[in-house]
Colleague: 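Handing you this structure, nothing more for now.
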Amino acid sequence: IRGRDVTGVQTCALPICTALIRDIASGRLGSSEEFARRAGSLGMTLPVSTVAVLALEPQGLAEMVATQELDEHERQEMRATVLEHTRAAIRSHSLSALAGLDGDRVLAVLSLPAGAAPGALITDVGADACGRIHRTWAGQITPIAGASDACTPLALRRAVGQAVEAAELGARVSTAPGVYHYGDLGVYHLLLPLADGPRLANFVEAELGVLLEHDARRRVPLTATLRCFLDCGGNITAAARELFIERSEEHTSELQSHHD
C-alpha cells in the first residue's frame, strides 16, 4: 500500500478513510499514535506534526437531489465527485492529506509542510476545490469551504469543529463559492449557534424594537443611520460626515438618540 499512489489507496479504501475521518470528528480517536498508524496505512506521509482541517459544503446538492428526484446511488456518485475534486485540488498543491465523506460534506485533514504560511496555503487549496466543483455544477451547487486553525494531531477533533463552523457561516453570508477561516470569525462563532433559535430574534426585538417599529411606519429609515454610527465606532462627528449631515442641533440629536 505504501508504494502506491496516495489517492488511489484512499479511493480503494474509501470506507476505511471515511471511518477515520468520522472517528476524528466524533472524538473516538484514541491518541496521536493511533492517528499515525491509521493515517499511515492510508498512505499519508509520516510523521505529521502540523495539520489543518478543510470542510467543504456542497450547498445545493440536497436540493438538486430532491428536485431532480435522484436516487441514492446517484447521490453517492455526486458525493464521490465532490470528494475527487477536493482530492485533485490537494494533489495540485503537493500536500499529503486524508479526505473522506461525512454525509454530503467533505472533510480533509491536511499535513502542512514546515515553513509554510498555513492560512494562504489552505485558502489556495480550498479555492481550487471550490472552483472545480463550481465548474462541474455551475448554478446548481455552490461549494463553501471552511478552514480550521493549524494544530497538532492531538487537537484534530477541535479543528474539525472549527472548519465545519467556518463553512456553515460562509453558507449563511454568501451565495458564491468561497473559503472562510475559523480564525477570522471573531464573535460570529458565538452568534452562529444562536441564529436558528429564538434567542437572537428575542434579543434584537428587545434592543431594537422601537427603531424597527419607527422604520416600519416612516419613509426615512433610521437603521441605516444606526449602522453607520456603529461602523464609525460610536463617533457622532464621523457618522455625520459619512451621512453628509450638517451637525445641526436636530441631526446631532438624532445621532445622540441612537447612542443613548
Colleague: Would you sort out whether D71 and R75 count as a salt bridge (charged side-chain N to carboxylate O under 4.0 Å, His left out), showing the intermediate values?
Modeller: CA-CA 6 Å; D71 59 28; R75 184 173 193 153; over 6 Å; no
Colleague: Determine yes or no for a side-chain-to-main-chain donor-acceptor pair under 3.5 angstrom, with E213 supplying the side chain and V210 the backbone.
Modeller: no
Colleague: Would the distance check show the side chain of Q140 and the main-chain N or O of L61 forming a donor-acceptor pair, the cut-off being under 3.5 Å?
Modeller: no
Colleague: Could you tell me whether the side chain of P143 reaches within less than 4.5 Å of the side chain of W137, counting heavy atoms only?
Modeller: no
Colleague: Kindly give the heavy-atom pair with the smallest separation between I236 and F229, and that separation in Å.
Modeller: CG1-CE1, 3.9 Å
Colleague: Given 3.5 Å as the limit, does a donor-acceptor pair link the side chain of S41 with the main chain of R38, or not?
Modeller: yes
Colleague: So, for C130 and G178, which heavy atoms are closest and what is the spacing to 0.1 Å?
Modeller: SG-O, 3.8 Å
Colleague: For G100, does its backbone N or O pair with a side-chain atom of T18 as donor and acceptor, under 3.5 Å?
Modeller: no
Colleague: Hey, are the side chains of L98 and F35 touching, using non-hydrogen atoms and a 4.5 Å cut-off?
Modeller: yes
Colleague: Any chance you could measure C232, atom SG, to E242, atom CD, to the nearest 0.5 Å?
Modeller: 5.0 Å
Colleague: Are H181 and T123 close enough that a side-chain donor and a side-chain acceptor fall under 3.5 Å?
Modeller: yes
Colleague: Between S26 (side chain only) and R22 (backbone N and O only), is there a donor and an acceptor less than 3.5 Å apart?
Modeller: yes
Colleague: Quick check: does any side chain N or O of D215 sit under 3.5 Å from a backbone N or O of T223, one acting as donor and the other as acceptor?
Modeller: yes
Colleague: Please find the pair of heavy atoms, one from L112 and one from A52, that lie closest to each other, and give the distance.
Modeller: CD1-CB, 4.0 Å
Colleague: Rounded to the nearest 0.5 Å, how far does CZ of R28 lie from CD of E34?
Modeller: 10.5 Å
Colleague: On a heavy-atom basis, which atom in I141 and which in M78 lie closest, and how many Å separate them?
Modeller: CD1-CE, 3.8 Å
Colleague: Can you tell me how far the CD1 atom of I133 sits from the CG atom of L56, to the nearest 0.5 Å?
Modeller: 4.0 Å
Colleague: Would you say that S49 contacts T152 through its side chain, given a criterion of any heavy-atom pair below 4.5 Å between the two side chains?
Modeller: no
Colleague: Should E84 and R91 be marked as a salt bridge (charged side-chain N to carboxylate O under 4.0 Å, His left out) after you check the CA-CA gap, both sets of side-chain angles, and the distance that decides it?
Modeller: CA-CA 10 Å; E84 177 50 36; R91 286 198 304 273; 3.0 Å; yes
Colleague: Without swapping roles, check the side chain of D102 against the backbone of R105 for a donor-acceptor pair under 3.5 Å.
Modeller: no
Colleague: Does a side-chain heavy-atom distance below 4.5 Å link V173 with L169?
Modeller: yes
Colleague: What are the two closest non-hydrogen atoms of I144 and A176, and how far apart are they?
Modeller: CD1-O, 3.2 Å
Colleague: Between atom CG of D104 and atom CE of M64, what is the distance when rounded to the nearest 0.5 Å?
Modeller: 12.0 Å
Colleague: Any donor and acceptor pair, going by atom type alone, linking the side chain of R87 with main-chain N or O of A99 inside 3.5 Å?
Modeller: yes
